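Worksheet for the structure shown next.
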Amino acid sequence: MNFSWYTRVLLAVASGVILALSFPNYNFSLLSWVAVGLLTLASFGAKLSVAPLYGVLSGLAFYPISVPWFDVVIQKYGGVGPWAAAGVLGLIALAGGLYAAIFSAGVALASRRSRLLACLLAPCLWVAVEFLRAEMPIIGFPWNLIGYAASGNLALVQLTALTGIYGLSFVVAGYGAFVAYAVLAGTQRAWKALLVTTAALILVAFGGRYFVPRATPHYMAHLVQTNFEEYYNYPSDWMQRHAQALDQLHGISVDAAKREPGLIVWPEVPAPFTFQDPNFRVRAEQIARDSGSDFLVGIVDWRRNAEHQWQATNSATLLNPAGQRVFTYDKIHLVPFGEYVPLRRWLTFAGKLVSGIGDFTPGHEYSVGQLPGGKFGVYICYEGVFPGLVRHFTANGAQVLINISDDGWFGHSAASAQHAMMERVRAVENRRWVLRDTNNGYTMDVDPYGRIVAELPPDVREQLDAPYGFRSEMTPYARFGNWFPWLCVLASAGLVGASVLGSRERQAGASSERLRTKIQA
């Protein structure tokens, strides 16, 4: 089947648009199942010099619709105008399009051998490219991977305990590639096979959820949603200005723990909270003592390095019921251009955006802390979108996972819902309870099978009773990590290699035939 160039352009753009519409706040998740199929059709049979363009067009359509909140955040907290913010979003879309260009080029190359080879390559290469998006140094951004669009289904998401989110991406991309194959083959047999596959997926998706076990909690946590307004720069008298709100949060925390004893959690630092400030240190210690409970709170921690220079870390620290600090975790994966500026000295052209961002120092240890009853791992905000990072805590012995986050920077955009969607998958991948505490939403309690057991509405100052338990079993994903995407990388390399070899054999055969014809003539 040979499509015209403008049909290919429409298919490529449509693939990006409908994939974007699969995620919050649009939530047309079923569209994701054909998105890869449309880009496969756009790339099939295309010239190798042009095929990458179709991937770029798909990315340029996907990102502005999927993550428009980038524009809001950059304008509000980056101190830049709307045109500059739109330009940054455009660069992000272009970078994402370059990843998709790898996919389009690979499909186009495989299609020179056969349509079956191209459609077999498609899901493998799609997952390999998503893995590349996640693992790239500095600019890794595994946000809204295609598998997340299907993660709301309780039965399908259980696959991630085996393969991580990448296995679910493979299923969704594979179905799309199957749709493309049926269109290209155009045979009754291909369409019947697609119909049977569709029926099987529907049966698993709707019937399988009744076979997913329920976890029994034995402990209680109190997740406090602080609901503080975000500031570009915090005034020096912030603690005094917000004394009444802090008193309210103190009372909410202590009352909840006295009513039902359990861990108190405050989110990723939503304000100038640091133990170097005696006002905050005394208050935090008093909350722990008044409640008689362990108290986990997000702070900015200042320490001197080997050169006696002060360095700041984005940290979570645990106080025991006596008010003593007994555990601290320093955030390892910092947000580029949010918590630090990579290559700062070479990015002078970024002007205000660079000069307004301070530098946190990254942590280096996947530390695990102790609670009455078991061990916990805590990861901070953006770290939760990296499945390979979170599994390290489970591998190190964490029996419950705690995510503290401040998504207030996103305003009322879809980003908070998208972020929460990804945290649910972390629970299933590791088969652990995930206690997610945020500044302004979504604060929620997720069981080890991905069910949201309890949640708070956004933009309220309140606490959530979050039952949980400690679990020790290790899922294949927690134990072995990203084995599945690496398998897809190897499969992609093999299939692309077969395509190149087949193309050379055909070229050699064609040359031999032309030579034979000349000799006979």
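Keep in mind that this is a model prediction, so the values were computed, not measured. For the single chain, residues carry numbers from 1 onward in sequence order.
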Would F470 and Y468 count as a close aromatic pair, with their ring centres under 6.0 Å?
yes

Pairs in or reaching into residues 443-453: which pass side chain to side chain donor-acceptor pair (under 3.5 Å), with residues at least two apart or in two chains?
Q225-T443, T438-T443, D447-R451, Y449-R471

Before giving the answer on ring-ring contact (aromatic ring centres under 6.0 Å, His included), spell out for F141 and F70 the whole-Å C-alpha distance, their side-chain angles and the decisive distance to 0.1 Å.
CA-CA 13 Å; F141 187 57; F70 259 110; 5.6 Å; yes

Answer yes or no: is there a side-chain heavy-atom contact under 4.5 Å between T317 and D301?
no

Should V368 and F327 count as side-chain neighbours, where that means a heavy-atom distance under 4.5 Å?
no

What about W238 and F228, are their ring centers closer than 6.0 Å?
yes

Any non-hydrogen side-chain atom of Y442 less than 4.5 Å from a side-chain atom of I452?
no

N/O donor to acceptor pairs below 3.5 angstrom from side-chain atoms of residues 370-381, sequence neighbours left out:
unit_1	atom_1	unit_2	atom_2	d
Q370	NE2	G374	O	3.1
Y379	OH	E423	OE1	2.7

Residues at least two apart in sequence or cross-chain that pass side chain to side chain contact (heavy atoms under 4.5 Å, CB included) with T475, listed by chain then number, are A161, R431, Y477, A478

Donor-acceptor pair, side chain of R432 and main chain of P448, under 3.5 angstrom:
no

Enumerate the residue pairs fulfilling side chain to side chain donor-acceptor pair (under 3.5 Å) with a member in residues 279-288, sequence neighbours excluded, ordered by first and then second residue.
D247-R283, Q286-R289, Q286-D290

Any side-chain donor paired with an acceptor under 3.5 Å for W266 and S253?
yes

Please identify each residue that fulfils salt bridge (charged side-chain N to carboxylate O under 4.0 Å, His left out) with D407, with sequence neighbours left out.
R436

Using the test side-chain hydrogen bond (donor to acceptor under 3.5 Å, both in side chains), find all partners of Q309 that sit at least two apart in sequence or belong to another chain.
N305

Residue pair T160, E429: steps toward the side chain to side chain donor-acceptor pair (under 3.5 Å) verdict
CA-CA 5 Å; T160 64; E429 287 170 340; 5.2 Å; no

Would you please say whether a donor-acceptor pair under 3.5 Å links the side chains of T394 and N430?
yes

Where does the angle between the aromatic ring planes of W143 and Y382 fall among parallel (under 30°), tilted (30 to 60°) and perpendicular (over 60°)?
parallel

Do the side chains of E135 and N482 get nearer than 4.5 Å, heavy atoms only?
yes

Between N314 and V269, is any pair of side-chain heavy atoms under 4.5 Å apart?
yes

